[in-house]
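Quick caveat, the model's predicted, so the values are computed rather than measured. In what follows, chains carry the letters A, B, and so on, assigned in the order in which the sequence lines appear, proteins first and then strands, with residues in each chain numbered from 1.
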There are 2 protein chains.
Amino acid sequence: MKIRSQPSTRRAEALSRDRIVDAAIEILDADGDSGLTFRALGARLQTGSGAIYWHVADRQALLDTATDHVIASVMEKGVEGAPPDAIRTIALGVFDAIEAHSWIGTHLTRAPWQIAMIRIVEGLGVQIQQLGVPAEAQFDAWSTLINYILGVAGQNAANGRALPPGTDRSQSLSAMVDRWARNNSKPLPFLESIAKQLVEHDDRAQFLAGVDLILRGIDRNLP
Amino acid sequence: MKIRSQPSTRRAEALSRDRIVDAAIEILDADGDSGLTFRALGARLQTGSGAIYWHVADRQALLDTATDHVIASVMEKGVEGAPPDAIRTIALGVFDAIEAHSWIGTHLTRAPWQIAMIRIVEGLGVQIQQLGVPAEAQFDAWSTLINYILGVAGQNAANGRALPPGTDRSQSLSAMVDRWARNNSKPLPFLESIAKQLVEHDDRAQFLAGVDLILRGIDRNLP
DNA sequence: ACCTAGATGGAACGCCGTTCCATAGGCGTC
DNA sequence: GACGCCTATGGAACGGCGTTCCATCTAGGT
């Protein structure tokens, strides 16, 4: 890839960074992270990988851009409400984006300081300031919240990979719990005690419970 | 890979699952996740990939086993101290293991419900029970803590990949902060306000601060 | 001494990301 | 209108990956 000097739409149906990113998102949504190959992209855009590389540095940059495309739309809708609610809104926005496009969870956790990440961490940081957290405690509060969100993002993506669409989630979780029970080389009292919740819980509500727990840790006076 | 029926060391210098795992860990420590290939493993063990596949199902299973090998030794040293300290000890044990073998962070966050993960989540769960968390709050407390730890694990690994050994961390972080300042298509007030801490903070202490914050969120009466 | 099942190791397969390169397209210049 | 020239194209080629295949070897049991 070279640096483009002029925008120039010289040909009809010209290949462009935007068309490539749109196609990439379609492929990612349909076939997940591993489905996005330059060959698949070439087939969809009726071109070769060489032409794509003229517009895009490499696969990682393409994923950065695709991820940012989705995250930007989440972060740009103004955040209303008091800071704690604003934090919940942002966090849920990211969560919903990941649920809708599970490849985002994978990429967000893999590539540090990509554009999408900067958007998220800055947005949450500002809300933490506005929450009235003392300056010296802001960094701790922020990094805890970010790491929690990225942890959930990564686990959601990993689970999505392990149980591809169509799998019955509660059924395969039950099967896993049963496997423990049989393979009990060591007893797993805690996991057995929460097995029911593990199978039945709602991921989104669970995620929000974690955000609330962390908000309580940030400020003990919060609800 | 087939199921082995007898242990049988029929040849001297026999290939074995254990020798393979040990070699894999050496390669992973030296060259990271991407350095572990069946060709590299074959070269080190003076054999071919076919022989390795007879002992190991696939690359993922090998990583599961290698990860568990390290994590088991962390989790097996008995946990002393009152529950909140025990939780800190376990969390720091995992953190230190990841710092020492950065590939663990990558694999732990990628493969859900692998053996190593079960060890960690059960160990932390038991401590949460012993902390005296009411039964109905245990699942939230546990999942928040786990996701935070996995988030840190993933970010640590991602940073390690972005700045391979030998890179001056604070220098490249400073460079990144400078790049923001120049590229300020949008202002980043929060990131600028914490830029200094971002460059200077100690990862381990920061991780522990997050654990403590979450412990406070779990029980407001904790220190 | 032979048979057989457990083990072995290297070749082959089908992918992947990336690079290379011969060529096409359309604009500025004459 | 002809001619360059630089942008842009697409397909071939490269090196590497995980995995599978298979001909072969080895050591115990008979």
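Here C:dG6 is the nucleotide among C:dG6, C:dA11, C:dT18 with the atom lying nearest to any side-chain atom of B:Trp54. The nucleotide whose nearest atom lies closest to any side-chain atom of A:Ala51 is, among C:dT8, C:dT18, D:dG10, D:dG10. For B:Thr37, counting side-chain heavy atoms from C-beta on, the closest listed nucleotide (D:dC17, C:dT19, D:dT9) is D:dC17. Residue B:Tyr53 places its side chain closer to D:dT20 than to any other of D:dT20, D:dA8, C:dG17.
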Could you go through A:Arg204 and A:Glu99, starting from their C-alpha distance and side-chain angles, then the distance that decides it, and tell me whether this counts as salt bridge (charged side-chain N to carboxylate O under 4.0 Å, His left out)? CA-CA 9 Å; A:Arg204 193 173 192 267; A:Glu99 287 259 293; over 6 Å; no

Determine, step by step, whether A:Phe95 and A:Phe207 satisfy the ring-ring contact (aromatic ring centres under 6.0 Å, His included) criterion, reporting the C-alpha distance in whole Å, the side-chain angles of both residues, the deciding distance to 0.1 Å, and the verdict. CA-CA 8 Å; A:Phe95 182 90; A:Phe207 169 69; 4.9 Å; yes

Test log, rule salt bridge (charged side-chain N to carboxylate O under 4.0 Å, His left out), inputs A:Asp22 and A:Arg17: CA-CA 9 Å; A:Asp22 287 347; A:Arg17 202 178 146 87; over 6 Å; no

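Atom pair B:Ile52:CD1 and C:dG10:P shows a separation of 11 Å (rounding to whole Å applied). Regarding B:Leu41, its CG atom lies at a distance of 13 Å from the P atom of C:dT8, rounded to whole Å. The distance from atom CD1 of A:Ile20 to atom C1' of D:dA8 is 11 Å, rounded to the nearest whole Å. Remark: C1' of C:dG10 and CG of B:Leu15 are 14 Å apart, rounded to the nearest angstrom. Nucleotide D:dT19 holds its P atom 5 Å from the CG atom of B:Asp58, rounded to whole Å. Atom CZ of B:Arg44 and atom P of C:dG9 are 17 Å apart (whole Å). One atom, CG of A:Leu63, and another, P of C:dT18, lie 10 Å apart when rounded to the nearest Å. Computed from coordinates, the A:Arg59 CZ to D:dG16 P distance equals 20 Å when rounded to whole Å.
Note on ring orientation: taking the six-membered ring where Trp is involved, the planes of A:Tyr53 and A:Phe38 are parallel (angle under 30°, cut-offs 30° and 60°).
Distances shorter than 4.0 Å separate none of the side-chain N or O atoms of A:His55 from OP1 or OP2 on D:dT7.
Mapping B:Ser16 and A:Ser49 onto DNA chain C by nearest heavy atom places B:Ser16 closer to the 5' end of the strand.
One finds the CD atom of B:Gln46 at 11.5 Å from the CG atom of B:Leu15 (value rounded to the nearest 0.5 Å).
Evaluation of atom-type donor-acceptor distances gives a pair under 3.5 Å for the side chain of B:Arg39 against the base of D:dG18.
Note on A:Leu36: only backbone sugar-phosphate atoms sit closer than 4.0 angstrom, heavy atoms only; bases stay farther off.
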